[in-house]
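Reading through the structure tokens given below for one structure.
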Amino acid sequence: MIDEIPKQYNPKDTEDKWYKFWEENNLFAAKTNPVKKPYTIVIPPPNVTGILHMGHALNNTIQDILIRYQRMKGLEALWMPGTDHAGIATQNVVEKAIAKEGLKRQDLGREKFIERVWAWKEQYGSTIIRQLKKLGASCDWKRERFTMDEEYSEAVKDAFVMLWKKGLIYQDDKIINWCPRCQTALSDEEAPHRELQGNLYYLKYPFKDNPDEFIVVATTRPETMLGDTAVAVNPKDKRYKKLAGKTLILPLINREIKIISDTIVDMQFGTGAVKVTPAHDPNDYSLGKKHHLEFIKVMHPDARMNENAGDYQNMDRLEAREVILEDLKEKGLLEKVELHPLSAGHCYRCHTIIEPYLSRQWFVKMASLAKPAIEAVKKGKIKFHPQRWTKVYLNWMENIQDWCISRQIWWGHRIPIWYCLDCKNAAMASVETPVKCIKCGSTNIEQDRDVLDTWFSSWLWPFATFKSKEDLRYFYPTSSLVTAPEIIFFWVARMIMAGLEFQNKIPFKDVYIHGTVRDIEGKKMSKSLGNIIDPLEIINEYGADALRFSLISITAQGQDVYLSKERFEQGRNFANKIWNASRFILMNLDTAQIKTDLCVFFKKEGLSLTNRWILSRFYSTLKDVEKSLGNYQFNEAANLLYGFFWHEFCDWYLEIIKADIQNPHNQMVMYKILEKSLRAMHPFMPFITEELWQRLSASEDSSIMIQSWPHIQGDIIDLKSERIMAEVLEIITGIRNMRLELDIPPQADNIAAKIFIPHNHKKEVVESFTEQIKSLARLKQLTILSEYKRASGEFASVVKDAHIVIPLFGVIDLEKHKEKISSKINKAEAEINAKEKMLGDKNFLKRAPREIVEKEQEKLKNLKERVQKLKGVRDALK
RNA sequence: GGGCGAUUAGCUCAGUUGGUUAGAGCGUCUGAUUUACAUUCAGAAGGUCAGGGGUUCAAGUCCUCUAUCGCCCACCA
């Protein structure tokens, strides 16, 4: 048998094998089951363009732990998988691909191009799915969805039309975020602000009636001056009071523009006079509307200057900026340039600087959608973990802006709006492609050319992924959503709104927001920084279980993770430890005996103390693990299992029973604990636990995946050291309000006890502790067993008839404790002296304000009281 | 300008109703091991828990102020 089990665990021998086994036996599948309660998670659908990175690895490991745990707990656990069509991202990828053939998407035309995208998707779109399988994700793959599936597209259209009918969708000319590279509008969330080191340019605009006089305006984007149609000043500003209504000559363009006055102008900023470019700035836009100014666009959609830009036509915006500045300088119209840090929106797909751009787009009115979504969270129907994200969510929701949903790209859900070319301006929304205009009956109709924001389909994900009503009724609302903080606004908030709007139900009950995976220097992992640790490489080198375990054990709830490769050694070592402990047990297990005794449950009295101890530790660990998992403290749960299995079960229990390993009780207990530990560790490390469970298992053709989570045996008390140490401490400090439960009867004068301490300590330390316990607990006899005795050979025999087993992690040092209190007293007394001296000083009393004196007197009083108390404790110690 | 997080051992970090002598992993040093595992075992060194003030018998933990770093949000031209 020994020959069969290698000394080292090799993940490559097991992982793919068991994954295949699970899939072939359909163990991931969930179906409506009237006798079971459902537990549902929908995966945050990765982009089809995605490849697995550490963020995915963390995100999906957490989901898999939850799913596997709940499945073992007896719930009908469904993990719904799928991918997102990721409009802009995917289009960019395919555009790059065809660029290698020297083609642009316009060369192919819309239909051909979309065909190419689909072809690309067929070929590469399931990369990330394969990678998730490598990780061990137990998704119900037969339900895999794609946000451009036919049924899904129907749901998107339905949602659009429903909103349209309620009047929540409208078209308008607004200043939106425009990405000149992707050539599309973006929502506010898609254009995050980044700090830039920019300049503030002071430009001189001459007056029409006196070209030698100027008004000076400050701007960070001088190229937009070509589109200026006014200069605004604050009516309260004395400097400019008389100038309102005067006419200026816009340099370079020589257009006449007026000085207008508006209270919105900040007098403190720049010169207090601001150039107004209504077509290229959101503030200026509203000024333009209010004052009926002209809207002059000076750029093409690709951010080259257009025909309104005079001599600068066709220059790129940044090139034009330089030339314009040169020209102004030459004319003496550039007063000065100051360094000015500013923040500008950047495209979240290609990082190009966003251009605020005036264009006609489709919007969703958000206020009425947000209202119930705010309520749901405020009333606690949906909970965020960690809680602090609630505030972030509410803050965003309460200041929500209308959502720009149209994108000028080709890959995506085409907006289900048709225009009648005969009776102009009539737009109609329809799920089915209409045949004729509903107003004039003309068949001369055309569909809107834009597509919807990708997130307009993702926000339906928790319900649009269910094909049958039966499934929807059973699995929706889902249970938990596990995701990263970056997409709270993009996705989480919008799903809550969509769930309530379209299903009239919240989409999930719990939202667990985990941290961001960063490199060891705290930078976000990204391709461009070259600091990526590739999860697949880690799986290859250390195994998926090691990756999962390490990742989980270092991720404190919701905190960012700083990752380096060495971190995965811990997981690999743990896997190896589990492997070898199992190997040892398998080598020494009398399987025949285990099989016949399987149904026999021991009475606790019949078990040796060692066995009772390890059982108590196992169940108490299990209890803590369940508690941690219930609170989304995955690292805690993982580390509890790690500590128990390695440092208690292996280092102590197995070492102790080695001497008497054929004892039937020892056989049974070591078997039980191993088998149950494997089950408890399975959600974290699915592959190795399956492999070992199979080797250990009496029943064949089954899987650890579908075993039940171990039950906590209630009759076994935890024999941890806390209680006795609490007693000791209580006596020492004389503090009575500590909770006290002692295994030794309080009046134990006649009881002899042997205490087993499964940790190594110096001989003197153990002996001094022995004496303390003996006198404090009033025990007649007491023997402490410890590592130094194990080495000397007495170990096994003494353990056998010990009365109490205490894993001892420390020993109270009375002297040290006294010292600590004394030093506190000294410190406080010194302070009292100082204060008394100060308060005795006549000068101080005369000059200091009365409040200060009173405050000091108060402090002195407190200090004196404190010293009294401390002295009381000190005396009690004597 | 608002909001949030972090500050604990040489390094990376845990520490959720305040309560043993503040822990883990890695690193360093010392020692052990023919007999499951060197991806092992035992031990040592290393901390005024960022700083000040407060509440408490008791504070890393609660309150308050300050400092440094990081993140998010915001229409400062």
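Just so we're on the same page: letters track the sequence lines, and every chain starts at 1.
Using a 4.0 Å heavy-atom distance criterion, A:V265 is classed as a base contact. Here A:K627 lies out of heavy-atom contact (under 4.0 Å) with every strand. Using a 4.0 Å heavy-atom criterion, one finds that A:R572 contacts the bases of the nucleic acid, with or without backbone contacts as well. Among the heavy atoms of the strands lying under 4.0 Å from A:H340 are primed sugar atoms or P, OP1, OP2 only; no base atom is included. A:N639 comes within 4.0 angstrom of no nucleic acid atom, judged by non-hydrogen atoms across all strands. Heavy atoms of A:Q633 sit under 4.0 angstrom from at least one base atom. Among the atoms of the strands shown, base atoms are found under 4.0 Å from some heavy atom of A:K577. Using a 4.0 Å heavy-atom criterion, one finds that A:Y9 contacts no nucleic acid atom at all.
Here the separation of B:G47 from B:G10, taken at their C1' atoms, is 12 Å to the nearest Å. Rounded to whole Å, the C1' atom of B:G19 lies 40 Å from the corresponding atom of B:A36. Nucleotides B:U16 and B:C69 have their P atoms positioned 27 Å apart, rounded to a whole Å. Separating the C1' atom of B:C49 from that of B:C4 is a span of 22 Å, rounded to the nearest Å. The gap from the P atom of B:G25 to that of B:U40 amounts to 11 Å, rounded to the nearest Å. With both ends at atom P, the span from B:C13 to B:C71 equals 15 Å, rounded to whole Å. As rounded to the nearest Å, B:U28 and B:G70 have P atoms that lie 31 Å from one another. Here, B:U66 and B:C26 have their P atoms 41 Å apart, quoted to the whole Å.
Taking all atoms of both residues into account, the shortest heavy-atom contact from A:M225 to A:I324 is SD-CG2, 4.3 Å.
Where A:R194 and A:Q8 each meet RNA chain B at their nearest nucleotide, the meeting point lying more 5' is that of A:Q8. The residue among A:S582 and A:D284 whose nearest nucleotide of RNA chain B is located toward the 5' end is A:S582.
Between A:H647 and B:G25, a side-chain N or O to OP1/OP2 separation shorter than 4.0 Å is present. A:K658 has a side-chain polar atom (N or O) that falls below the 4.0 Å cut-off from OP1 or OP2 of B:A36.
A:K577 forms no cation-pi arrangement with A:F649, by the criterion of a distance under 6.0 Å to the ring centre and an angle within 45° of the ring axis.
Ion pairing between A:E355 and A:R221 holds under the 4.0 Å rule for side-chain N and carboxylate O.
In this structure, CD1 of A:I673 is placed 20 Å from P of B:A36, rounded to the nearest angstrom. In this structure, CD of A:E195 is placed 12 Å from C1' of B:C76, rounded to the nearest angstrom. Going from atom CG of A:N177 over to atom C1' of B:A74 covers 13 Å, rounded to whole Å. Between the C1' atom of B:C37 and the CG atom of A:L654 lies a distance of 11 Å, rounded to the nearest Å. A straight line from CD of A:Q570 to C1' of B:G27 spans 14 Å, rounded to a whole angstrom. At whole-Å resolution of the value, OH in A:Y393 and C1' in B:G3 are 17 Å apart. Across the protein-nucleic acid pair, A:E648 atom CD and B:A42 atom P stand 12 Å apart, rounded to whole Å. Atom CZ in A:F574 sits roughly 17 Å away from atom C1' in B:C26 (whole-Å rounding).
In the set B:G5, B:G3, B:C75, B:C75 carries the atom at the smallest distance from any side-chain atom of A:N283. Minimum atom distance to the side chain of A:R583 is reached by B:C37, of the listed B:G25, B:C37, B:C76. Nearest to the side chain of A:R388, among B:A77, B:C4, B:C73, sits B:C4. Across B:U39, B:A77, B:A36, the shortest atom-to-atom separation from the side chain of A:T219 is found for B:A77. Closest contact between the side chain of A:N576 and the listed nucleotides B:A77, B:G25, B:U39 involves B:U39. Closest approach to the A:K275 side chain among B:C4, B:A77, B:C37 is made by B:A77 (side chain taken as heavy atoms from C-beta onward). Considering only side-chain atoms of A:N580, the nucleotide from B:G3, B:C72, B:A36 that sits closest is B:A36. Here the nucleotide nearest the side chain of A:N395, chosen from B:A42, B:A36, B:C73, is B:C73.
Taking a pair to require two hydrogen-bonding distances under 3.5 Å in either a Watson-Crick or a G-U wobble arrangement, B:U40 pairs with B:A32. Figure legend. B:A9 is base-paired to no nucleotide; pairs are counted as Watson-Crick or G-U wobble with both atom distances under 3.5 Å. In a base pair of the Watson-Crick type (N1 to N3 plus N6-O4 or O6-N4) or a G-U wobble (N1-O2 and O6-N3), with each distance short of 3.5 Å, B:C71 is matched with B:G3. Base-pair partner of B:C57: B:G19 (Watson-Crick or G-U wobble, both distances under 3.5 Å).
Counting only N and O atoms by type, the side chains of A:D510 and A:Y632 include a donor and acceptor under 3.5 Å apart. Between the side chains of A:T621 and A:K623, no donor N or O sits under 3.5 Å from an acceptor N or O. For A:D228 and A:Y205, the side-chain atoms include at least one donor-acceptor pair closer than 3.5 Å. Residues A:T390 and A:Q387 have side chains that never bring a donor and an acceptor to within less than 3.5 angstrom of each other.
Ring planes of A:F490 and A:Y348: parallel class, angle under 30° (limits at 30 and 60°).
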